[in-house]
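Computed from a predicted model, the values in this text were never measured in an experiment. Note on naming: letters A, B, ... go to the chains in the order of the sequence lines (proteins, then strands), and numbering restarts at 1 for each one. Worth knowing before you read on, the calculation uses all heavy atoms, side chains too, and leaves out hydrogens, waters and symmetry mates.
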Amino acid sequence: MVVIKKDDFISMQGIQLSNVTKEYFNSQNDKFCALKAVNLAIKFGEFVGIAGENGSGKTTLARLLNGLLLPSAGRVTVNGMDTRQRRVIKEIRRLVGMVFQNPDNQLVSPVVEEEIAFGPENLNLPRQEVNKRVEKALQIVGLENLRQKSPHMLSGGQKQRVAIAAALAMQPDYLVLDEPTSMLDQTGRRRILEHLRKLNRKHGITIILISHNMEDLIGADRIIMLHQGRIAGDGTPWKIFQRDDHTVALKPPNIVRMAQILRKRGYRLDQQITTLEQMENGICRLLKSTT
Amino acid sequence: MKKMKLGSYTPGTSLIHQLDPRTKLLSGLVVIIVILVDNSWPVLVLNTVLIFLVLYLSKISPKSVLHGVKWLWIIFAASFIAHCVCTQGEPWFSLGPLVVSKEGISRGLATFLRLLILYLCSTILTMTTSPMKLAGGLEALFAPLIYLRVPVNQFAMLITIALRFIPTLIEEAETITKAQKSRGAPFASPKKMVRLKTTLAVLIPLVVSSLQRATDLAVAMESRCYTGGPHHSRTKNLCFGRYDLVALAVTVVICISGTIVG
């Protein structure tokens with residue numbers, strides 16, 4: 001295993017995609033281009049949302065980040081390491097944790113605790129270290145009292161938290177989540193999003209959250225819109241939600257749409273509104289100014 | 001909370017749960033070999049007592065183990081009856097053309113006990129040993145085979161995953177069955193061919209979805225640095241203690257004494 005000290009790579013920290021193209025061939029040998037010349041830099045510590053319709057290349061992008069897929073052209077580097085170099089691939093996969101859409105299909109073990117230990121065990125860490133990491137990961141996602149349970153007895157949201165804990169036990173710098181909430185109910189979805197925010201703010205883990213539901217991405221620092229394999233937009237949630245073009249057919253969150261409607265009706269909401277609290281403040285100010 | 005599926009791991013802290021998986025695997029193997037090789041009464045009775053003692057110590061509810069599989073009881077009963085009727089010997093009583101001999105009864109009972117022990121051995125093993133530990137135990141026991149280029153590590157992983165997915169696949173089969181029923185699939189048709197075809201309508205989607213699951217799982221495992229290599233921390237974590245020694249000794253003594261007396 002390649003040991004890389006964090007300090008050596010300060011300058012190279014982050015994930016860089018330069019001119020990345022990914023092509024697939026289907027059974028008729030037709031070429032299908034999932035990503036076209038994408039340039040993207042994700043900084044360490046960011047909370048990035050990636051949005052796009054089905055077939056826009058979101059999943060392909062996610063799988064390029066930890067070397068599950070290799071680019072047909074261009075280069076993907078994680079903390080300066082190229083994903084095409086075989087000898088660093090294990091380190092890259094440790095650095096970039098992945099959580100997938102279907103909670104049932106990503107859990108290996110029938111016991112929560114062992115599930116979380118699977119990753120560290122693959123790194124061949126000593127037992128005490130594995131146990132320590134399992135403990136910490138359980139604590140972060142708040143599943144200490146379910147450690148002996150079998151995943152198939154848990155709810156979808158709990159399973160997804162197990163999957164997150166399993167990724168955290170590898171002590172990653174980046175956590176890539178490919179539509180982690182799409183198979184969950186409202187409560188499960190909200191809790192997962194809360195956990196992600198906490199991981200980002202409190203534990204300094206870079207979050208890359210992929211979703212086709214804009215509501216999920218309100219809390220992100222930055223949203224990247226994908227459309228037909230190209231980046232169609234990149235900016236703060238506010239900037240992305242303001243766009244009025246119909247190339248990107250995703251609905252902005254309800255709060256944002258409500259603010260837009262109020263503005264159209266002539267109410268002067270001057271601040272940027274993306275969250276419920278901001279809306280509350282905005283309306284309160286409006287009411288005060290009219291009375 | 002969903003119902004526990006039969007034979008799947010039931011977490012616990014009993015003595016049997018805490019035994020080293022290698023102990024359980026070895027003892028189970030010894031018991032199974034002995035009852036298959038030697039079907040004299042002392043061996044069978046002693047081993048039956050042993051297996052029920054283990055069942056008691058494991059604190060698994062006997063009901064959940066013994067009532068679990070309806071089909072198994074039918075097989076038990078069928079083999080018992082077949083032995084009663086088909087064994088030649090001193091007639092005991094007769095039902096019409098069927099003559100039941102004393103030897104038949106005795107051999108039928110013996111077979112019943114053997115099947116019961118086989119079933120209990122494997123069920124108690126999987127119910128008290130978490131699949132990861134089981135895989136660790138197998139990996140450690142079969143480690144010498146690595147020199148013969150047998151992929152022991154991958155094989156152990158394979159068993160773990162198979163055990164992990166049994167409940168998931170049962171659930172999936174139930175869902176598909178319901179889906180097909182709601183579209184009018186004739187599961188209760190009196191014609192056997194129709195029922196067979198209907199079963200196929202469940203099996204094929206099940207296989208297709210398992211393949212999808214397998215692909216997803218492989219990607220997820222790869223993302224977590226799985227390379228098919230040995231799990232040092234998993235195998236090293238096993239610890240063979242005093243209780244294991246006692247358990248192994250008890251098993252061996254019971255098996256040997258049974259054979260000697262028999």
Go through the steps for B:R164 and A:V108 under the test side chain to side chain contact (heavy atoms under 4.5 Å, CB included), then give the verdict.
CA-CA 7 Å; B:R164 145 82 179 82; A:V108 188; over 6 Å; no
Hey, could you give me the CE/OG distance between A:M170 and B:S223, rounded to the nearest 0.5 Å?
9.0 Å
Drop me the distance from B:L217's CG to A:N102's CG, to the nearest 0.5 angstrom.
10.5 Å
How about B:K59: does its NZ atom have over 12 heavy atoms from other parts shown lying under 6.0 Å from it?
no
Specify the closest pair of heavy atoms between B:R213 and A:N105, including all atoms of both residues, with the distance to one decimal.
NH1-OD1, 2.5 Å
Closer than 3.5 angstrom, by distance alone: can the side chain of A:N122 be matched with the main-chain N or O of B:R224 as a donor-acceptor pair?
yes
Let me confirm one number: the CD-NZ distance from B:E222 to A:K90, rounded to the nearest 0.5 Å.
12.0 Å
Pick from A:E114, A:R63, A:E129 with the largest number of heavy-atom pairs that fall under 4.5 Å of chain B:
A:E114
With chain B, the option among A:A117, A:G97, A:A166, A:S109 that has the most non-hydrogen atom pairs under 4.5 Å is A:S109
CD1/B:I166 to NE2/A:H152 distance, rounded to the nearest 0.5 angstrom?
10.5 Å
Is it the case that over 12 heavy atoms from other parts of the model lie below 6.0 angstrom from the OH atom of A:Y24?
yes
State the CG-CG distance between B:D216 and A:L107, to the nearest 0.5 angstrom.
11.5 Å
Based on non-hydrogen pairs under 4.5 Å, which of A:V96, A:N66, A:D104 is most in contact with chain B?
A:D104
Within the supplied structure, the quantity of interest is the number of heavy atoms (other residues, nucleotides, ligands) at a distance under 6.0 Å from B:F76 CZ; does it exceed 12?
yes
Evaluate whether atom CZ of A:R191 has more than 12 neighbouring non-hydrogen atoms of other residues, nucleotides or ligands under 6.0 angstrom away.
no
Neighbours of chain A found in residues 28-36 of chain B - heavy atoms under 4.5 Å:
none
Do you know the tightest heavy-atom contact between A:R93 and B:C225?
CB-SG, 3.9 Å
Within 6.0 Å of CZ in B:F240, more than 12 heavy atoms from elsewhere
yes
